[in-house]
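A quick write-up on the structure given underneath.
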Amino acid sequence: MLEIRIMDPRWTKKVNNIDTLLQKAFECCLEGKKAEFSVVLTDDEFIRALNKNYRGKNAPTNVLSFNYTNEQIGVGIIGEVILSFDRLVIEALENEIKFEDHLLHMFIHGVLHVLGYDHSSDEETLIMEKKEEEILEKLALLG
């Protein structure tokens, strides 16, 4: 189950059917496992405060992920993904990609972090990037 909290109305103005889009991506990430997640769609100001409190970085970021009961994947809410509208708009423009594509990529990235993927070494980065690409390709096929 995916609980979606929209804290900034610009999200729904920019993306049609955002709930359906994120739900499909979430299901592809879980690959049939049962789990509950929360996603918070917010802005730079909110995510900057979280980034400062939890990571000691006084700057906005595109996505933050939090694990709650990672050892019990599939039982209760195990994670939360927080996304900044402002960061994603800027990054999509800089990289000349569609906003929705960047949103999906960053959401998947956040979910995979909660599921145990990381990018603290070159090997882990390659594994995580491959998984992200697989999920994005699967979503493209689902239309």
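Remark: Glu31 engages Lys131 in a side-chain hydrogen bond (donor to acceptor under 3.5 Å, both in side chains) (not counting sequence neighbours). Residues that satisfy the side-chain hydrogen bond (donor to acceptor under 3.5 Å, both in side chains) test with His109, not counting sequence neighbours, are His113, His119, Glu132. Residues that satisfy the side-chain contact (heavy atoms from CB on, under 4.5 Å) test with Leu93, not counting sequence neighbours, are Val89. Scanning for side-chain contact (heavy atoms from CB on, under 4.5 Å) contacts around Asp122 gives an empty result, with sequence neighbours left out. Partners of Glu134 according to the side-chain hydrogen bond (donor to acceptor under 3.5 Å, both in side chains) rule, which considers only residues two or more places apart in sequence or in another chain, do not exist here. Not a single salt bridge (charged side-chain N to carboxylate O under 4.0 Å, His left out) links Glu124 to another residue, sequence neighbours left out.
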Would Arg5 and Glu80 satisfy salt bridge (Lys or Arg N to Asp or Glu O under 4.0 Å), going step by step from the backbone distance to the final call?
-> CA-CA 11 Å; Arg5 290 184 286 157; Glu80 186 163 45; 2.3 Å; yes
Under the side chain to side chain contact (heavy atoms under 4.5 Å, CB included) rule, what do Phe85 and Leu41 come out as? Steps first, then yes or no, please.
-> CA-CA 7 Å; Phe85 182 84; Leu41 303 174; over 6 Å; no
Could you walk me through whether Leu136 and Leu104 pass the side chain to side chain contact (heavy atoms under 4.5 Å, CB included) test, one step at a time?
-> CA-CA 8 Å; Leu136 287 166; Leu104 282 174; 4.2 Å; yes
Glu36 vs Ile78, side chain to side chain contact (heavy atoms under 4.5 Å, CB included): CA-CA, chis, key distance, verdict = CA-CA 6 Å; Glu36 294 185 27; Ile78 64 164; over 6 Å; no
Residues Ile18, Ile6; criterion side chain to side chain contact (heavy atoms under 4.5 Å, CB included); working and verdict = CA-CA 10 Å; Ile18 195 164; Ile6 301 170; 4.2 Å; yes
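Between the side chain of Asn95 and the backbone N or O of Glu91 there is at least one donor-acceptor pair closer than 3.5 Å.
Two residues are said to be in side-chain contact when any heavy atoms from C-beta on lie closer than 4.5 Å; Val63 and Phe107 fail this criterion. Side-chain contact between Met106 and Leu88 is present, with heavy atoms from C-beta onward closer than 4.5 Å. Side chains of Val40 and Val81 form no contact here, defined as non-hydrogen atoms less than 4.5 Å apart. Thr42 has its side chain out of reach of Leu83: every pair of non-hydrogen atoms, C-beta onward, lies at least 4.5 Å apart.
For residues 42-63, every residue pair satisfying the salt bridge (Lys or Arg N to Asp or Glu O under 4.0 Å) rule, not counting sequence neighbours, is listed here: Asp44-Arg87. Listed by first then second residue, pairs satisfying side-chain hydrogen bond (donor to acceptor under 3.5 Å, both in side chains) with a partner in residues 9-19 read Asp8-Arg10, Arg10-Asp86, not counting sequence neighbours. Sequence neighbours left out, not one pair with a member in residues 95-110 passes salt bridge (Lys or Arg N to Asp or Glu O under 4.0 Å). Screening residues 38-59 for ring-ring contact (aromatic ring centres under 6.0 Å, His included) gives Tyr54-Phe66 as the qualifying pairs, with residues at least two apart or on separate chains.
Distance check, rounded to the nearest 0.5 Å: CD1 of Ile108 to SG of Cys29 gives 5.0 Å.
Ile90 and Val15 fall into different hydrophobic clusters, defined by Ile, Leu, Val, Met, Phe, Trp and Tyr side-chain heavy atoms under 4.5 Å apart, directly or through other members.
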